[in-house]
Amino acid sequence: MKSCAFQVRELLFIMIILGIETSCDETSIAILEAKKEKAYFFIKPIASVVSSQIKIHAPYGGVVPMLASREHTKNLPLVFRKVVQDSFDVKKIKQKIDLIAVTSGPGLMPALLTGVNFAKTLAWSWRKPIIGVNHLEGHLLSVFLPEKNKISLLPFQELQKIFPAIALIVSGGHTQLIYVKNIGHYQIIGETLDDAAGECFDKGARILGLGYPGGPAIAKEAEKYRIQNTEYRIQKLPRPMIDSKNYDFSFSGLKTALLYAWQKTNKKERKRLMSQFAFELEESITDVLVHKTLQAANDFKVKSIILGGGVTANQKLRLKMQETIAQQKNPFNFYFPLLQYTTDNAMMICLEAFFNISNKKLNYKNLNWEKINADANWRL
Ligand code: KG4
Ligand code: ZN
């Protein structure tokens, strides 16, 4: 985003937001400074701590909700202490924070409740306003986040070049195509009918014995095959719903096809063909995601494609999307988040709260903790 050094900068409002995220298996707290100026949004991440529970859930091959909740309860005060130490120090923090933001949904109910209760207690004891925000909108907006202590100036004019857009939000729990008219104006145009894309990576990795989380494990194994470039010996896996006329997805059949193909493979051969299976699974998932996203972007005649969510850490997905966009007659602008903001983090929750307040022109000082609740199935 361009510098505005020579522009007249009139400050409309400034906020320091403390955000809390516990919807799945990361306990995260962050602090963001954000301003609305006459022609720009000013965005500056100040502190961020993400405590991952991967080791706890790994033996089960997926997130166990009650274990996640137990770990969040244990980690929240520790993560909070670390964020305070990394930002304004314990004596100043209360005075500095203008607003508390918390993920209210969607997510795992026992996990969400820990963050929501922590945030409400903090809001009550500090006498601060609090806002509950949507986890998936956070993923969608994470493209606007710069690195810690760096400043991003987002001109309002730039937004007109970005929107309308199609956002592909792909995580462990969700796979959605969203028509984004502007920040805050969303229409879900397609979603998965069964497993999410991240879930397919996770279950696929479990079948192949590659561990949890499956996305990075499959990507690493697939890369081995790309480097070896040996003869392709396995059968092609399906690309589910790639030619369907709608924007929905289905990944559970792909997982089953992988399972059958793997079971049919001679046990002695499996070790040698493992990287080919991982490669084929990654190719299949990314083919479907890219094809459907481009189909939606062309049909809705948007200006841009936006990626968000844990699966968009996948390099193959980014590359394939970029190459396919470049082949279009009218290429779309392409935005994806910094790697650190692809998986769950509280910084995106802070930013979402800021945009919510600045767009809806809410008097945020009236936002009260009594109205905040967790909603595991909150739809955007
Ligand atoms: O957004 P996220 O952190 O949590 C949810 O909201 O679900 O996404 C986690 C998902 C997991 O399924 C994980 O396997 C997947 O993102 N993931 C990846 C990669 N890194 C994480 N999938 C493919 N390739 C990756 N590099
Ligand atoms: Zn997520």
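Whatever order the structure lists ligands and atoms in, that order sets their numbers, starting from 1. These figures come from a predicted structure and were not determined experimentally.
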(message) Can you name the atoms of ligand 1, numbered from 1 with element, that are less than 4.0 Å from a heavy atom of Phe201?
(response) 22 (N), 23 (C)

(message) Could you tell me, atom by atom, which parts of ligand 1 come under 4.0 Å of a heavy atom of His135?
(response) 6 (O)

(message) I'd like to know whether ligand 1 has Glu282 as a neighbour, heavy-atom separation below 4.0 Å.
(response) no

(message) Please check this pair: side chain of Arg206 against backbone of Gly211, looking for a donor-acceptor N/O pair closer than 3.5 Å.
(response) no

(message) Would you compute the distance between atom CG of Asp25 and atom CG of Leu67 and round it to the nearest 0.5 angstrom?
(response) 11.0 Å

(request) Taking only heavy atoms of Gly173 into account, list the atoms of ligand 1 that are under 4.0 Å away from them. (result) 7 (O)

(request) Give the C-alpha distance, both sets of side-chain angles, the deciding distance and a yes or no for ring-ring contact (aromatic ring centres under 6.0 Å, His included) between Tyr60 and Tyr212. (result) CA-CA 8 Å; Tyr60 304 93; Tyr212 177 84; 10.0 Å; no

(request) Kindly say whether Ala197 contributes a backbone atom to a donor-acceptor pair with the side chain of Thr175 at under 3.5 angstrom? (result) yes

(message) Using 0.5 Å steps for rounding, measure from the CD atom of Glu231 to the CD atom of Gln276.
(response) 8.0 Å

(message) List ligand 1 atoms under 4.0 Å from Gly198, heavy atoms only on the residue side.
(response) 12 (O)

(request) Among Arg239, Arg226, Lys236, find the one that has a salt bridge (Lys or Arg N to Asp or Glu O under 4.0 Å) with Glu283. (result) Arg226

(message) Quick check on the 6.0 Å ring-centre criterion: do Phe277 and Tyr225 meet it?
(response) no

(message) Distance check, rounded to the nearest 0.5 Å: Ile97 atom CD1 versus Ser87 atom OG?
(response) 6.5 Å

(message) Quick test: of every protein heavy atom, which one is nearest to atom 7 (O) of ligand 1, and how far off is it to 0.1 Å?
(response) Gly172 N, 2.8 Å

(request) Using distance alone, determine whether Asp202 and ligand 1 share an N or O pair under 3.5 Å. (result) yes

(request) Just let me know how His174 lines up against ligand 1, side chain, backbone, both or neither, with a heavy-atom cut-off below 4.0 Å. (result) neither

(request) Would you check the N or O atoms of Cys24, main chain and side chain alike, for any that come under 3.5 Å of an N or O of ligand 1? (result) no

(request) Report yes if Gly309 has an N/O atom closer than 3.5 Å to an N/O atom of ligand 1; otherwise report no. (result) no

(message) Below the 3.5 angstrom mark, is there an N/O of Thr343, backbone or side chain, next to an N/O of ligand 1?
(response) no

(message) Quick check: Gly310 and ligand 1, any N/O pair under 3.5 Å apart?
(response) yes

(message) Restricting to N, O or S, what is the name of the atom of Asp344 that lies nearest the Zn ion (ligand 2)?
(response) OD1

(message) Is there a polar contact between ligand 1 and Pro213, counting only N or O atoms under 3.5 Å apart?
(response) no

(request) Hey, could you give me the CZ/OG distance between Phe41 and Ser152, rounded to the nearest 0.5 Å? (result) 11.0 Å

(message) Counting non-hydrogen protein atoms only, what is the nearest one to atom 24 (N) of ligand 1? Give residue, atom name and distance.
(response) Asn314 ND2, 3.0 Å

(request) Please state which part of His139 comes within less than 4.0 Å of ligand 1, counting heavy atoms only: side chain, backbone, both or neither. (result) side chain

(message) Does any part of the side chain of Pro106, heavy atoms only, come nearer than 4.5 Å to the side chain of Leu380, both counted from C-beta?
(response) no

(request) Run the ring-centre check on Phe336 versus Phe334 and record whether the distance is less than 6.0 Å. (result) yes

(message) Looking only at protein heavy atoms, which one is nearest to atom 4 (O) of ligand 1, and what is the separation?
(response) Asp344 OD2, 3.1 Å

(request) Around atom 18 (C) of ligand 1, find the nearest protein heavy atom and jot down its residue, atom name and distance. (result) Gly215 CA, 3.5 Å

(request) Please determine if the Zn ion (ligand 2) has an N/O/S atom from His139 lying under 2.8 Å away. (result) yes

(message) Can you check which of Ser171, Pro216, Gly62 brings a heavy atom nearest to atom 20 (N) of ligand 1?
(response) Pro216

(request) Can you label the angle between the Phe249 ring and the Phe251 ring as parallel, tilted or perpendicular, going by 30° and 60°? (result) parallel

(request) Indicate if Met321 and Phe201 have the same hydrophobic cluster label, given that clusters are the connected sets of ILVMFWY residues with side-chain heavy-atom separations under 4.5 angstrom. (result) yes

(request) Using 2.8 Å as a strict upper limit, say whether an N, O or S atom of Cys24 approaches the Zn ion (ligand 2) that closely. (result) no

